[in-house]
Amino acid sequence: MRFCIPALLLILACDAAPPVRQNEPALPESDWVQEAVIYELFVTDFTEDGTFAAILPQLPELSELGITTLWLMPIHPIGVERRKGVLGSPYAVRDYYAVNPEYGTLDTFKTFVEAAHQSGLRVILDFVANHTAWDHPWTALHPDWYTRDENGDLMVPRSPDGWQTNWTDVADLNYDSAGLRRELLSVLRYWVEEFDVDGFRCDVAEWVPYEFWQEAIQLLRDLRPMLMVAEGADPALHEVGFDVTYAWPFYSTLKDVWEGRSATLLQSQVREQLGRLPDGALRLRFTTNHDETAWDRTPPQIFGGQQGARAASLLTHTLPGVPLIYNGQEIGRDVQVPFFEKTRYDWSKNPDMHAFYQTFFNFYARSRALQLGKLMFLSESDDLMLFQRVSEDEEVTVAVNLRPQTVSMMVPSRSGGGDWMDIFRGEAVIAGQTVALAPYGYRLLY
């Protein structure tokens, strides 16, 4: 698909900067981990029926979109006691060994995983290790597996530094219990051995003892290569085996810059974060997810409409890390989506957004520069992000206008000479020329 951005010529000089200091991305055991493009899928909302079976016909379309990995939000039965909303939170798990009966059966889930694999898609599950529903059988069978207050009553979760959550629909687990640890390891093994899942996204990973994660990840990798995603930004999570951690600090800074702060702030944030990560570590980069879409504004609301949402997404997903989009983001969903009830989607909306993601993700799939390349910032502009990703055999230039006014850029040169090609417009762009970027305009050149 082509995006026609009008050209108004203003001059902006851009001197090449040295590469951002970052660790050499050591390839994981399997290339598919490094090449992952993740789609966070909420089974309840993805189809009208809200079942595994109803998703099956849509799997080829997700693959054609350029998705490589499906992250399923928790698929287990949801607690009833102290439930929030109509359906309750999928993060209030009542049985780790079962699937939500509204989604289907264990057999239909196995069929779903097999069909996903046949479509070239990996499947990772959301693993909620910090807490369970209040009516999980463990509360009666294994009371020592839960944290207790001074009166001996079950507690809602608290952060490691003592912050009291409002997660009143779940009870906190006690990792001082060796029995609990053994059981949760059995849960992880079960879904890999019985259903052939390809990894896990681990909820509030920073609140679970890191020694547990180290043991769990070693156990899983003794079975076969896994993609392990931690919901947390602590670089130490990589030291215990996680491949991917959340780019929460980036997301916060991105919003600040979009509201008027200098683009150089975002560059500094990226440099600092990449410098803290160990070799091979990856950040999960997003402009929304299930939490943000439920509690924050949506990308079109935050970043200046559908055009701004595309610009923010392109910027986010071309920086080192793993791209993530959330259920319905490919149709430019511009209304908040709670996950305690069912939301109906019009999947025919905003075809331009779908085409944008399909063009980008399919390019990403074959671009070693975007997957592995070094990052070089080329501008100190307050309003423009201009950078390159460079691998041994490929150069990619990314330019994104962060403002609702036109800005201009000087097209950088290629190390081997010659013109660039614009992936979205399908046209040549001459190195050294001045090009205007419309409000929230962008260029992806290779």
Do you know which of Thr359, Val400, Thr397, Ile423 makes side-chain contact (heavy atoms from CB on, under 4.5 Å) with Leu444?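 Testing Leu444 for a side-chain contact (heavy atoms from CB on, under 4.5 Å) against Thr359, Val400, Thr397, Ile423 leaves exactly one candidate, Ile423.
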Can you tell which of Val113, Asp198, Ile67 makes a side-chain contact (heavy atoms from CB on, under 4.5 Å) with Leu121?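 Exactly one option meets the side-chain contact (heavy atoms from CB on, under 4.5 Å) with Leu121, and it is Ile67.
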Determine yes or no for a side-chain-to-main-chain donor-acceptor pair under 3.5 angstrom, with [X] supplying the side chain and [Y] the backbone.
X      : Y      : result
Thr288 : Pro299 : no
Thr318 : Leu315 : yes
Ser63  : Ser119 : yes
Gln371 : Tyr364 : yes
Asp296 : Asp291 : no
Arg403 : Asp382 : yes
Glu394 : Ser391 : no
Asn151 : Asp153 : no

Tell me whether Arg310 is salt-bridged to Asp352, with the criterion being a basic N under 4.0 Å from an acidic carboxylate O.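 Asp352 and Arg310: not salt-bridged.
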Electrostatic pair Arg224-Asp196, nearest N-O below 4.0 angstrom: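 Between Asp196 and Arg224 there is a salt bridge, with a charged N closer than 4.0 Å to a carboxylate O.
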No-hydrogen, no-angle side-chain donor-acceptor test under 3.5 Å, [X] and [Y]:
X      : Y      : value
Asn362 : Gln358 : no
Arg201 : Tyr246 : yes
Ser381 : Asp383 : no
Tyr357 : Gln329 : yes
Arg283 : Thr245 : yes
Thr132 : Tyr146 : yes

According to ring pair (Phe, Tyr, Trp, His ring centres under 6.0 Å), who are the partners of Phe52, at least two apart in sequence or on a separate chain?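 With neighbours one apart ignored, the set is Tyr103, Phe109, Phe112.
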Taking the side chain as every heavy atom from C-beta outward, state whether Arg261 and Lys255 have any pair of such atoms under 4.5 Å apart.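 No - every pair of side-chain heavy atoms lies 4.5 Å or more apart.
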Could you go step by step and tell me if Lys110 and Glu114 meet the salt bridge (charged side-chain N to carboxylate O under 4.0 Å, His left out) rule? CA-CA 6 Å; Lys110 181 172 284 191; Glu114 291 170 351; 6.0 Å; no
Check step by step if ring pair (Phe, Tyr, Trp, His ring centres under 6.0 Å) holds for Tyr326 and Phe42. CA-CA 8 Å; Tyr326 176 56; Phe42 185 26; 7.5 Å; no
Are Glu35 and Arg368 close enough, and set up right, to give a salt bridge (charged side-chain N to carboxylate O under 4.0 Å, His left out), and what steps lead you there? CA-CA 9 Å; Glu35 298 166 2; Arg368 299 307 276 174; 3.0 Å; yes
For Tyr96 and Tyr190, I'd like to know if the aromatic rings sit close, meaning centre-to-centre distance below 6.0 Å.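 For Tyr96 and Tyr190, the ring centres are not under 6.0 Å apart.
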So Trp163 and Trp207, would you call those rings parallel, tilted or perpendicular, with 30° and 60° as cut-offs?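 Geometry flag for Trp207 against Trp163: perpendicular rings.
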Name the orientation class of the two ring planes belonging to His317 and Phe361 (parallel below 30°, tilted from 30 to 60°, perpendicular beyond 60°).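 Tilted, since the angle between the ring planes falls between 30° and 60°.
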Looking at every heavy atom in both Gln307 and Tyr440, which two are closest together, and how far apart are they?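 So the two residues come closest at NE2-O, 2.9 Å.
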